[in-house]
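Sequence positions, counted from 1, serve as the residue numbers for this chain.
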Amino acid sequence: MMQQIYPVTEHPYAYELNKDFQFAAAHYVPHEDAGKCQNMHGHTYFTNITIAGNELDHTVFLVNFKKIKDLIHKRFDHHVMNEDTKFSDQDAEYFPTTEVVARTIYEIIQEYLNTLQNKPTCVQVYLRETPTSYCIYRPKEKTL
């Protein structure tokens, strides 16, 4: 994998970890203004998850890298995202656009992080949909 440089978000935490991975998924945007994106099509998504915190867990990890990848990769890789319960054809707020997928990845990751004793937090999700298009989601405040 080629080394990537990502936009950095400021945070007050002592530790920061980043996990890169990719997944292949199909989607469509069911809105008349979406143009060709109304049709089913696929992407090889590349994502970087940034997690920060002040305390390490009992295994001396902020969080296990593999668990972070598995939460997203197992759920979305080689799937049609519109069929996932997080997305809806009825509500435009939940169409699987790059922005909504980035926010959804954050929500899935943060929900898991909230169960950990050391309480790390997801501070940024970088999601590349094509070689020339990407989105960054940074929560304004802790939402979960």
Colleague: Can you tell me how far NE2 of H43 sits from CD of Q22, rounded to the nearest 0.5 angstrom?
Modeller: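 Separation between the atoms: 14.0 Å.
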Colleague: Between atom CD1 of I49 and atom OH of Y106, what is the distance when rounded to the nearest 0.5 Å?
Modeller: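 It is 11.5 Å, given to the nearest 0.5 Å.
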Colleague: Could you list the residues that satisfy salt bridge (Lys or Arg N to Asp or Glu O under 4.0 Å) with R128, not counting sequence neighbours?
Modeller: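 R128 satisfies salt bridge (Lys or Arg N to Asp or Glu O under 4.0 Å) with no other residue.
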Colleague: Going by the rule side-chain hydrogen bond (donor to acceptor under 3.5 Å, both in side chains), which residues pair with T115 if we only count those two or more places apart in sequence or in a different chain?
Modeller: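 Residues passing side-chain hydrogen bond (donor to acceptor under 3.5 Å, both in side chains) with T115: none at all.
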Colleague: Would you check if there is a donor-acceptor pair between the side chains of E129 and T98 at a distance under 3.5 Å?
Modeller: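 E129 and T98 do have a side-chain donor-acceptor pair below 3.5 Å.
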Colleague: Rounded to the nearest 0.5 Å, how far apart are NE2 of H11 and CD of Q124?
Modeller: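 Nearest 0.5 Å value for the NE2-CD distance: 9.5 Å.
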Colleague: Does the pair H79 and D84 meet the rule for a side-chain contact (heavy atoms from CB on, under 4.5 Å), with working shown?
Modeller: CA-CA 8 Å; H79 286 89; D84 189 274; over 6 Å; no
Colleague: Which heavy atom in Y13 sits nearest to a heavy atom in A52, and how many Å separate them?
Modeller: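 Nearest heavy atoms, Y13 then A52: CD1-CB, 3.5 Å.
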Colleague: Using the six-membered ring wherever Trp is involved, compare the ring planes of F21 and F23 and label them parallel, tilted or perpendicular (cut-offs 30° and 60°).
Modeller: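 Because their plane-to-plane angle lies in the 30° to 60° range, the rings of F21 and F23 count as tilted.
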Colleague: Using salt bridge (Lys or Arg N to Asp or Glu O under 4.0 Å) as the criterion, list what pairs up with D70, not counting sequence neighbours.
Modeller: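 Only K66, K74 meet the salt bridge (Lys or Arg N to Asp or Glu O under 4.0 Å) criterion with D70.
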Colleague: Among the clusters formed by ILVMFWY side chains lying less than 4.5 Å apart, do L116 and L71 turn up in the same one?
Modeller: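 As far as the 4.5 Å side-chain criterion goes, L71 and L116 are connected within one cluster.
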Colleague: Evaluate the criterion salt bridge (Lys or Arg N to Asp or Glu O under 4.0 Å) for residue pair R103 and E99; output intermediate values, then yes/no.
Modeller: CA-CA 6 Å; R103 183 186 70 213; E99 296 85 349; over 6 Å; no
Colleague: Would you say I136 and F46 are hydrophobically clustered, going by side-chain heavy atoms of ILVMFWY under 4.5 Å?
Modeller: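 I136 clusters together with F46.
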Colleague: Please find the pair of heavy atoms, one from Q110 and one from P120, that lie closest to each other, and give the distance.
Modeller: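 Looking at all heavy atoms of both residues, the closest pair is NE2-O, 3.7 Å.
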Colleague: Kindly say whether V123 contributes a backbone atom to a donor-acceptor pair with the side chain of T121 at under 3.5 angstrom?
Modeller: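 No.
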Colleague: For the hydrophobic clusters of this structure (ILVMFWY residues joined by side-chain heavy atoms under 4.5 Å, transitively), does one cluster hold both Y137 and L127?
Modeller: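 Both belong to a single hydrophobic cluster.
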Colleague: What residues form a side chain to side chain contact (heavy atoms under 4.5 Å, CB included) with D33, not counting sequence neighbours?
Modeller: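 For D33, the residues satisfying side chain to side chain contact (heavy atoms under 4.5 Å, CB included) (neighbours in sequence not counted) are H31.
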Colleague: Are any side-chain N or O atoms of D57 and backbone N or O atoms of L62, one a donor and one an acceptor, separated by less than 3.5 Å?
Modeller: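 Such a contact is absent between D57 side chain and L62 backbone.
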Colleague: Between M81 and A25, which heavy-atom pair has the shortest distance, and what is it?
Modeller: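 It is CG-CB, 4.0 Å.
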Colleague: Look up atom OH in Y15 and atom CD in E55, then write down how far apart they are to the nearest 0.5 Å.
Modeller: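 Going from OH on Y15 over to CD on E55, the span is 8.0 Å.
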Colleague: With a 4.5 Å cut-off on side-chain heavy-atom distances among I, L, V, M, F, W and Y, is there a chain of contacts connecting L56 to I51?
Modeller: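 Yes, L56 and I51 fall within the same hydrophobic cluster.
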Colleague: Let me confirm one number: the OG1-NZ distance from T47 to K19, rounded to the nearest 0.5 Å.
Modeller: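 Between T47 OG1 and K19 NZ, I get 11.0 Å after rounding to 0.5 Å.
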Colleague: Test of understanding: with side-chain hydrogen bond (donor to acceptor under 3.5 Å, both in side chains), list the residues that count as partners of T50, not counting sequence neighbours.
Modeller: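 Once residues adjacent in sequence are excluded, the partners of T50 under the side-chain hydrogen bond (donor to acceptor under 3.5 Å, both in side chains) criterion are N18, N48.
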Colleague: To the nearest 0.5 Å, tell me how far I68 CD1 sits from I105 CD1.
Modeller: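 Interatomic distance, I68 CD1 to I105 CD1, rounded to 0.5 Å: 11.5 Å.
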Colleague: Within the structure provided, determine whether E107 and K86 are in side-chain contact (heavy-atom separation under 4.5 Å).
Modeller: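 Touching, per the 4.5 Å side-chain cut-off.
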Colleague: Would you name the heavy atoms of A102 and V125 that are closest together and state the gap between them?
Modeller: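 What the structure gives for the nearest pair is O-CG1, 3.7 Å.
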Colleague: Show every ring-ring contact (aromatic ring centres under 6.0 Å, His included) that has at least one partner inside residues 108-136, sequence neighbours left out.
Modeller: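 Matches after skipping sequence neighbours: Y6-Y126, Y126-Y134.
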Colleague: Do the non-hydrogen side-chain atoms of F61 and K67 ever get within less than 4.5 Å of each other?
Modeller: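 No. Closest side-chain heavy atoms not under 4.5 Å.
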Colleague: Please examine the side chains of M40 and H27, heavy atoms only from C-beta on, and report whether any two atoms are closer than 4.5 Å.
Modeller: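 SC-SC contact between H27 and M40 ruled out.
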Colleague: Treat each ILVMFWY residue as a node, draw an edge where side-chain heavy atoms are under 4.5 Å apart, and state whether V63 and I72 are in one component.
Modeller: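 In one cluster with V63: I72, yes.
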